[in-house]
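What follows is a set of notes on a single structure, which appears directly below.
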There are 2 protein chains.
Amino acid sequence: METITIKDIARALNLSTSTVSRALRNSYEINTETKKLVLEYAEKMNYRPNPIALSLRDSKSKSIGVILPEIANNFFSQLINGIESIAYNMGYHVVIFQSHESYEREVANTNYLVSRKVDGLLVSLSSLTTDISHFEELLDKGLPIVFFDRVPKKVETHKIVADNFGGSYQATEHLIKTGKRKIAHITSPIYLSITMERLAGYKKALEDNGIPFDESYVKYCHHGGMVVSENEAAVQELLDMDEVPDAIFTASDRITTGCLSVLHRKHIRIPDEIAIVGFTNIGVAELLNPPLTAVVQPAMDMGNQATELLIKLIEHPKKPTIFESRSLKTSLIIRESTAGKIVNVS
Amino acid sequence: METITIKDIARALNLSTSTVSRALRNSYEINTETKKLVLEYAEKMNYRPNPIALSLRDSKSKSIGVILPEIANNFFSQLINGIESIAYNMGYHVVIFQSHESYEREVANTNYLVSRKVDGLLVSLSSLTTDISHFEELLDKGLPIVFFDRVPKKVETHKIVADNFGGSYQATEHLIKTGKRKIAHITSPIYLSITMERLAGYKKALEDNGIPFDESYVKYCHHGGMVVSENEAAVQELLDMDEVPDAIFTASDRITTGCLSVLHRKHIRIPDEIAIVGFTNIGVAELLNPPLTAVVQPAMDMGNQATELLIKLIEHPKKPTIFESRSLKTSLIIRESTAGKIVNVS
DNA sequence: TTGAAAGCGCTAACAC
DNA sequence: GTGTTAGCGCTTTCAA
């Protein structure tokens, strides 16, 4: 069962490789007889075109590259499933790379994917990326890129994000409604789009409810919560304040679980002493102690839509006059971590 | 900043492409002067060899393919990090594909990776894979493959698994020691290696402790717990028994959380009514209600070792006289889901 | 309707 | 020490 090439078919059928090639692509110029002959033989021998050769020729690969911070994360892995399902249906393969929140790895992955001739890129920026010229250059060269979740501000291309402002506003307002006033916010580095938007929603909700914004209630985790000590430090600083917060709004999966873990270790009662709501897609939110109130992003849908936009860009290379910036609604799922009563086991 | 090729360099420097090629590979036959010239120019122009062209020529790609059931799973995503860290250091790229527990997708992914000329494959079988001839053929053709976690029984190649028997034995014995006698086991399809081994460990622990094995206490989830109704059905059947179990040992991430969720909904007190221990790597085990006793696999290490073995196979193509079957120790982490006392919040 | 040949980027056997 | 050439698998002018 060796790999068979066009040349093999040509030799076996006493034809030229070009005839075989054309027959396989069902070219109008080829005799029906010949075509049938070739097709049948190819089928019989289980011929498969060599995608590498095709890529070399066409500088295309029917594959799209995905660069995101990490896959060991419910939000991103759900999103990947969304990407895959669309790509799969459209005949594209998906190649995933993790930046691990490192700018250098993001750049390295980008270069590799480009040299591998991916037809387009789906990107969510690492938390340490401030310079995005590696993507800008590619866009200038005409490589389709769609950003999702963590998007650069200025770049001219499709972007698709959750309604971070709205989700945050809703979460904060919910805390206020349950009687909390000293609401802290633990979040990612400030230069990330998601951070700014979520911070803005939080601020606005405070403002609209007559609660003064206090910068010292906002803590930033430079590695997006990937480093345990970050979380600990952030929580500890909050606990050490004169006016200890009565609620914390955490901005991501990792920060949420990290923060919960610290609160547990310190035997802080949730939500009595401190209520908590997380901007997170963790699957077991309901099984946590206490069940976690969460702002959930439509991750799968985000993956779907980003992929659709990208493939549209790939297959219709004429520059669209206008690039879309879509924003997907989040949902606030209220559970006991903000319930205002003691959680009972069972 | 267009892509530059060897030909461009040759033209610019008035050399032949082969001279440039040799200079770049630092061949001994090339004049030091020339070499320097070429190297400097290449550096200046930011030359990068085209990996597609290399793959076409050499039928190699410096990349390894990974095929596993799903990414949105702590065990597998930790494992991927283990794979990546080794591969990265050895200069290989990692291409990940999910079978989503589907035999057809596993086959399709395999074919694609092979046509893309990956240098080797790292595989954990889907829960619906019973026929492994697609891998056997490749092995016969000389493609290096290393199996991990869910490994085929008969195949002659390196395999690396957790000590499933031992981990199960330990978990079951622990339940027995905390006074449980009616211990149920919810697990994956029986033909998976992990299922058989875990079942065997469970049986042996019962036997060694004078508890008769009762087949009706073992429930199988055909889709490995991916389908919610499976879990519900399994738990419900157990609850409907005359002798309702006083403990459940769940065999995987998905089955564990699914089972927990059902128990929660039914307001079963854990561990009083039913204790639970899971064979799982979920990151938030400690934050669950109650904190979950778990058999944890060294996922990262498994990824490391599998990758090392694979790369060894790739780089030393002479068939090793003997293939390794490594088994890595698991650790039982005891928490309150088996504590034998009421869990208190805070 | 079919074939010959060039070219995608690179390397290596074989000249010189 | 350097150049020429062929070839990896495929498509596509151009010619017949």
Side-chain angles (χ1 to χ4, degrees), chain A residues 2-39 41-42 45-63 111-119 141-142, chain B residues 2-39 41-42 45-63 91 111-112 114-119 141-142:
Chain A
E2 279 311 301
T3 294
I4 180 177
T5 72
I6 279 192
K7 205 193 262 177
D8 298 322
I9 301 184
R11 201 178 312 118
L13 267 38
N14 234 310
L15 292 167
S16 77
T17 58
S18 35
T19 303
V20 174
S21 170
R22 278 186 277 241
L24 288 170
R25 332 202 80 244
N26 197 21
S27 161
Y28 66 97
E29 8 177 44
I30 300 294
N31 185 313
T32 321
E33 295 289 287
T34 320
K35 222 182 254 180
K36 189 161 153 252
L37 206 63
V38 171
L39 257 15
Y41 188 78
M45 301 303 283
N46 194 27
Y47 168 78
R48 294 279 172 275
N50 179 331
I52 305 253
L54 287 174
S55 294
L56 181 60
R57 242 195 77 82
D58 304 335
S59 286
K60 287 195 300 178
S61 60
K62 272 285 182 180
S63 67
N111 290 335
Y112 179 73
L113 285 170
V114 170
S115 72
R116 276 281 158 195
K117 298 283 180 288
V118 288
D119 299 334
K141 280 192 201 164
Chain B
E2 279 311 300
T3 294
I4 181 178
T5 72
I6 278 191
K7 204 192 263 178
D8 298 322
I9 301 183
R11 199 177 316 116
L13 266 39
N14 234 310
L15 291 168
S16 76
T17 57
S18 41
T19 303
V20 174
S21 171
R22 280 187 278 244
L24 289 169
R25 335 202 76 245
N26 197 18
S27 160
Y28 66 97
E29 2 175 50
I30 301 294
N31 185 313
T32 322
E33 294 290 289
T34 319
K35 222 181 258 182
K36 190 160 153 253
L37 207 61
V38 171
L39 257 14
Y41 187 77
M45 299 304 283
N46 195 27
Y47 167 78
R48 294 280 173 274
N50 179 331
I52 306 252
L54 287 172
S55 294
L56 182 60
R57 241 195 79 80
D58 304 336
S59 285
K60 288 193 303 176
S61 60
K62 272 285 182 181
S63 68
N111 290 336
Y112 179 74
V114 170
S115 71
R116 275 281 157 195
K117 298 283 181 290
V118 289
D119 299 335
K141 280 193 201 162

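Residue numbering restarts at 1 for every chain, and letters A, B, ... go by the order of the sequence lines. None of these values were measured; they are calculated from a predicted model.
For Lys117(A) (side chain) and Ile52(A) (main-chain N/O), no donor-acceptor pair under 3.5 Å exists by modelled atom type.
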Pull out every protein N or O sitting under 3.5 Å from an N or O of nucleotides 12-16 of chain C, one pair per line with the distance.
{"from": "dA13(C)", "atom 1": "N6", "to": "Arg22(B)", "atom 2": "NH1", "distance (Å)": "3.3"}

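What separates OH of Tyr47(B) from C1' of dG9(C) is a distance of 7 Å, to the nearest Å. As a whole-Å value, the separation of Arg116(B) CZ from dC8(D) P is 19 Å. The distance between atom CD1 of Ile6(A) and atom P of dA4(C), rounded to the nearest whole Å, is 15 Å.
Looking at heavy-atom distances under 4.0 Å, Leu15(B) makes contact with sugar-phosphate atoms alone, never a base. Using a 4.0 Å heavy-atom cutoff across all strands shown, Ser59(B) reaches no nucleic acid atom at all. Backbone-only contact: Thr34(A) has heavy atoms under 4.0 Å from sugar-phosphate atoms and none from a base.
The list of salt bridge (Lys or Arg N to Asp or Glu O under 4.0 Å) pairs with a residue in residues 16-27 of chain A, not counting sequence neighbours, reads Arg22(A)-Glu29(A).
Applying the salt bridge (Lys or Arg N to Asp or Glu O under 4.0 Å) test to Arg116(A) and every residue at least two apart in sequence or in another chain returns nothing. Checked against salt bridge (Lys or Arg N to Asp or Glu O under 4.0 Å), Arg11(A) has the following partners two or more places apart in sequence or in another chain: Asp8(A). For the salt bridge (Lys or Arg N to Asp or Glu O under 4.0 Å) test, no residue two or more places apart in sequence or in another chain qualifies with Asp119(A).
Here the nucleotide nearest the side chain of Leu56(B), chosen from dT2(D), dT2(C), dC8(D), is dC8(D).
Axis angle across the helix from dT1(C)-dA16(D) to dC16(C)-dG1(D), with five pairs used at each end and values rounded to 10°: 60°.
Between Ser16(B) and Ala53(B), the residue anchored nearer the 5' end of DNA chain D, judged by the nucleotide with its closest heavy atom, is Ser16(B).
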